[in-house]
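Below is one structure, written out as structure tokens; comments come after it.
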Amino acid sequence: MNNIVSLRPGDLARFNRLNDSYEKVSAQLEESKLQATTGFKGSTYKAVGEDTLSALNISIAKKGAVQFQENMALVDQRLGFAETAVTKTIGVIETFRSRLAGAVNPGTPDSSFQKFCQDALKEVAQALNVQDVGRNNIFGGNEWETPPVDLDALPVPIPGGAISTNYYRGTEDTLVAQINEGKSMDYGIRADASGFAKALHALKIGATMTPDYDEGSANMQLLREAMTIGGEATIELSDELAALGTNRKTLDVEKSAIEGFMDNANKLEQDYIGVDVTQAWIQFMAMKEQLLGIATAFQIENESSKQFLTILR
């Protein structure tokens, strides 16, 4: 309040009291306005008063829960990519076995079978070298950058030879994610899993061996072997697919648990730091009227002092 004339005894004291009231009510007005517009007791935890510690603990717990939600979202995304790749590989191997059954039969020659197998190898390798949205490998363990499958390192099979994983460029680690308080989950598959190794082995046979219809030849032995190994790959990859589904169900359970916690935490936090918006608005209007009254009193005191000064003149 400016331009105040005060000459009579006691005026200064009255003006000081009015000024103190004006500042106090102004602060209350701003506080009620904040509460009415935001629904919170104050803009900081300090404004919450004696419930500060409880509200702060809930806030910290909520931040931890949000981190678990982010962890699960990333894991779920990676598991989705893995399911797609495994499903694609199973489909390729089933087609391979169907065509192989005809290719080894002298009555149904398949001149494009070898080319099909070469393309199928690339298709499976591409599926296993898939990356998530962060450009991290899905099937390489903890090797995030180097593609886990290098077809150039996949050896040409020999009759009775071992299933090779020389193509694998990832690590031997199992991925682990924290999905809730005190809960972690091992997840994912590496590209050197037995089902993938057998699939690549069988396709490599088809890509490098031409049926000569001599059942005693190495070529025909390998092609017959590829049929068996391809079948084993399909079974094992189907089991891997089921395991991925189990992982995703586990995530669904934990997601529901976290969502339930967040709902309860939000309610508790609202109890500690929230206000009744309607009541806050009523308070705001009351403070506004009170402030107007103080301003009017200031004006009356000021006019009275001016009149007194005129009389003295």
Side-chain angles (χ1 to χ4, degrees), residues 78-105 108-110 112-130 137-141 147-151 153-170 172 174-175 186-211 215 218-249:
R78 292 173 64 83
L79 290 174
F81 281 126
E83 283 182 338
T84 298
V86 173
T87 300
K88 178 177 286 188
T89 303
I90 291 174
V92 168
I93 291 301
E94 288 179 342
T95 301
F96 164 77
R97 295 183 71 228
S98 177
R99 292 191 62 165
L100 176 59
V104 295
N105 187 334
T108 56
D110 187 344
S112 62
F113 176 68
Q114 193 172 66
K115 177 63 167 57
F116 159 77
C117 293
Q118 292 168 353
D119 291 341
L121 273 173
K122 294 176 183 177
E123 185 177 356
V124 171
Q126 184 179 30
L128 297 182
N129 286 337
V130 67
N137 295 317
I138 301 295
F139 293 98
V149 175
D150 178 7
L151 288 179
L154 181 64
V156 175
I158 59 175
I163 308 295
S164 175
T165 56
N166 290 348
Y167 61 85
Y168 184 61
R169 293 293 178 265
E172 296 182 1
T174 299
L175 296 178
D186 295 342
Y187 73 97
I189 316 170
R190 299 198 309 262
D192 64 341
S194 176
F196 290 132
K198 288 180 177 180
L200 292 172
H201 182 88
L203 291 173
K204 185 71 172 183
I205 291 174
T208 54
M209 303 297 161
T210 302
E215 292 301 331
N219 280 14
M220 292 302 287
Q221 288 180 38
L222 282 168
L223 289 169
R224 297 293 184 188
E225 181 181 304
M227 179 67 78
T228 301
I229 293 175
E232 293 173 359
T234 298
I235 293 172
E236 292 180 20
L237 290 177
S238 296
D239 290 340
E240 296 285 9
L241 194 60
L244 290 172
T246 299
N247 279 340
R248 299 193 83 176
K249 287 180 181 178

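Just so we're clear, the structure is a prediction, and the values are computed from it rather than from any experiment.
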Open item on the list: Is there a side-chain contact between R78 and L175 in this structure, where contact means two heavy atoms from C-beta onward sitting under 4.5 Å apart?
Closed with: yes

TODO: Specify the closest pair of heavy atoms between A193 and E240, including all atoms of both residues, with the distance to one decimal.
DONE: CB-OE2, 4.0 Å

- [ ] Return the minimal non-hydrogen interatomic distance between G195 and A233, and the atom names on each side.
- [x] O-CB, 3.5 Å

Open item on the list: For T165 versus A197, what's the shortest heavy-atom pair and its separation?
Closed with: CG2-CB, 3.9 Å

- [ ] Would you give the length of the straight line joining atom CG of L244 to atom CG of L237, rounded to the nearest 0.5 angstrom?
- [x] 10.0 Å

- [ ] Would you indicate whether the side-chain heavy atoms of V156 and M209 approach each other to under 4.5 Å?
- [x] yes

Task: D110 and L100, any side-chain heavy atoms less than 4.5 Å apart - done: no

TODO: Evaluate the side-chain contact (heavy atoms from CB on, under 4.5 Å) criterion for residues T208 and L222: first the C-alpha distance (whole Å), next the side-chain angles of each, then the deciding distance (0.1 Å), finally the verdict.
DONE: CA-CA 10 Å; T208 54; L222 282 168; over 6 Å; no

Open item on the list: How long is the straight-line distance from CZ of R169 back to CG of D150, given to the nearest 0.5 Å?
Closed with: 4.5 Å

Task: Exam field: side chain N219 to backbone T210, donor-acceptor pair closer than 3.5 Å - done: yes

Open item on the list: Return the CZ to OG1 distance between R97 and T228, rounded to the nearest 0.5 Å.
Closed with: 7.5 Å

Open item on the list: I'd like to know if the side chain of S98 and the backbone of E94 have a donor-acceptor N/O pair within less than 3.5 Å.
Closed with: no

TODO: Please collect all ring-ring contact (aromatic ring centres under 6.0 Å, His included) contacts where either partner lies in residues 82-101, sequence neighbours excluded, each pair once.
DONE: F96-F113

Open item on the list: Other residues, nucleotides and ligands only: do more than 12 of their heavy atoms fall within 6.0 Å of CD on E172?
Closed with: no

TODO: Check G206 against L223 and note the closest heavy-atom contact, atom names and distance.
DONE: CA-CD2, 4.3 Å

- [ ] List the steps, then state whether side-chain contact (heavy atoms from CB on, under 4.5 Å) holds for I163 with L200.
- [x] CA-CA 9 Å; I163 308 295; L200 292 172; over 6 Å; no

Open item on the list: For K115, give me all partners under salt bridge (Lys or Arg N to Asp or Glu O under 4.0 Å), at least two apart in sequence or on another chain.
Closed with: D119

Open item on the list: Could you measure the distance from the NZ atom of K249 to the CG atom of N247? Nearest 0.5 Å is fine.
Closed with: 11.5 Å

- [ ] Kindly compute the distance separating CD (E236) from CD1 (I229), expressed to the nearest 0.5 Å.
- [x] 10.5 Å

- [ ] Before giving the answer on side-chain contact (heavy atoms from CB on, under 4.5 Å), spell out for I90 and S238 the whole-Å C-alpha distance, their side-chain angles and the decisive distance to 0.1 Å.
- [x] CA-CA 8 Å; I90 291 174; S238 296; 3.9 Å; yes

Task: Minimum heavy-atom distance between L128 and P148, given as atom pair plus value - done: O-CG, 3.3 Å

Open item on the list: Could you tell me if R99 sits above the aromatic ring of F116, with its cationic atom closer than 6.0 Å to the ring centre and no more than 45 degrees from the axis?
Closed with: yes

Open item on the list: What's the separation between atom CZ in R190 and atom OG1 in T174, rounded to the nearest 0.5 Å?
Closed with: 5.5 Å

Task: Nearest non-hydrogen partners of C117 and A207, listed with the distance - done: CB-N, 3.4 Å

- [ ] Compute the centroid of each ring, for F196 and then for Y168, and state whether the two points are separated by less than 6.0 Å.
- [x] no

- [ ] Go through N129 and F139 one step at a time and tell me if the side-chain contact (heavy atoms from CB on, under 4.5 Å) criterion holds.
- [x] CA-CA 7 Å; N129 286 337; F139 293 98; over 6 Å; no

